[in-house]
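Just so we're on the same page: letters track the sequence lines, and every chain starts at 1. Because the structure is predicted, anything quoted here is derived from the model rather than measured.
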There are 2 protein chains.
Amino acid sequence: MKAGAIKIGELARATGTKVETIRFYEKIGLLAEPSRTEGNYRAYGPAHLGRLSFIRRSRDLGFSLDQVRALLSLSDDRNQPCDAIDLIAREHLRAVDAKIADLMALKQELQSIVGQSHSGSVSTCRIVEALEPLPH
Amino acid sequence: MKAGAIKIGELARATGTKVETIRFYEKIGLLAEPSRTEGNYRAYGPAHLGRLSFIRRSRDLGFSLDQVRALLSLSDDRNQPCDAIDLIAREHLRAVDAKIADLMALKQELQSIVGQSHSGSVSTCRIVEALEPLPH
DNA sequence: TATGGACCCTGTAGCCACTACAGGGTCAAG
DNA sequence: CTTGACCCTGTAGTGGCTACAGGGTCCATA
């Protein structure tokens, strides 16, 4: 193993990623295949570490793997990527906003069903009534 | 086909569910197998309609299929289901709240990366900088 | 009677982003 | 020389559908 090279477990710890996930990213072509040791262990260098950190950070921000792929290839091209990257990020922000709005509406409806009487009294199943469509 | 019985397509239209989804619910045991016509078509009655409406409504409210299964069996047992149902609903509400909080935090972070300068100027890629871990 | 089209059937594979095995091999410490 | 931590490949499973492929049924029209 070359100086500075690390094994998959170390890379996993360094980036907060599971070992299986790293292998998965390699399989789908998101993370480049590293060289191997004599014993056929993956040997990662600093470039892999940087790349995987970028991926992790993007994933944590909720970007899809396809979006991450696009972000990676755009950020590699150091000519005029900003507009395209901006677009992806803004689009994602829009989607997050939409999701929040959805969930807020959902919450409202759930609350109106459950009722805010948090006291332990038995609530004669308004919930079932709210779910059931037909009179019975 | 008995009087009042409907075919899968009609049930789908009546409940706003896709035909494939109805068959899927049947396969996983969520919706009872209906009787069949001579031509081997599924023939649904009013009970199926009620049941599927209940399922749809619960799904729309974000309950998982396992939760729906529990809600169904609890609401069938007309003795003392209320507490258990209440618990499921409240737990779901809690999960929705947590999800909303997650997304709000995410939105904050995304916004700070994208920047609120909505004017079309090129923003010298703060986004990439924010994603990249290492100085280069 | 033939034919077209709308509908239905079964069964399987694909989607996303992992996660969890099973069944082995490698390597360093004791 | 054995133990145990780590690594390897490959496959199957998760949730909740969705999309075929390759047929069958039913009804109306020509």
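One can place CD1 of A:I6 at 14 Å from C1' of D:dC7, the figure rounded to the nearest angstrom. Straight-line distance from the CD atom of B:E38 to the C1' atom of D:dC27: 15 Å, rounded to whole Å. Between the CD1 atom of B:I28 and the P atom of D:dT18 there is a distance of 13 Å, given to the nearest Å.
Screening residues 6-27 of chain A for ring-ring contact (aromatic ring centres under 6.0 Å, His included), with sequence neighbours left out, gives no hits. Counting only residues at least two apart or in different chains, salt bridge (Lys or Arg N to Asp or Glu O under 4.0 Å) contacts with residues 25-36 of chain A comprise A:E26-A:R42. Applying the salt bridge (Lys or Arg N to Asp or Glu O under 4.0 Å) test to pairs two or more places apart or on separate chains, those with a residue in residues 56-68 of chain A are A:R56-A:D60, A:R57-B:E109, A:D66-A:R69.
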Which atoms of nucleotides 5-7 of chain C (N or O only) lie under 3.5 Å from a protein N or O atom, and what are those distances?
none

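Within residues 100-107 of chain A, no residue has any heavy atom closer than 4.0 Å to DNA chain D.
In terms of the side chain to side chain donor-acceptor pair (under 3.5 Å) criterion, residue partners of B:R51 (sequence neighbours excluded) are, by chain and number, B:D76. Residues passing the side chain to side chain donor-acceptor pair (under 3.5 Å) test with A:E20: none are found, sequence neighbours excluded. Under the side chain to side chain contact (heavy atoms under 4.5 Å, CB included) criterion, A:Y41 pairs with A:K7, A:T37, not counting sequence neighbours. For B:F63, the ring pair (Phe, Tyr, Trp, His ring centres under 6.0 Å) criterion is met by B:H92, not counting sequence neighbours. For A:R23, there are no side chain to side chain donor-acceptor pair (under 3.5 Å) partners at least two apart in sequence or on another chain. Under the rule for a side chain to side chain donor-acceptor pair (under 3.5 Å), A:T21 has no partner lying at least two apart in sequence or in another chain.
Closest heavy-atom contact between B:G9 and B:V19: CA-CG2, 4.1 Å.
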Report summary line: 5' to 3', nucleotides 10-21 of chain C under a 4.0 Å protein heavy-atom cut-off (B base, S sugar-phosphate only, - none) gives B-B----BBSS-

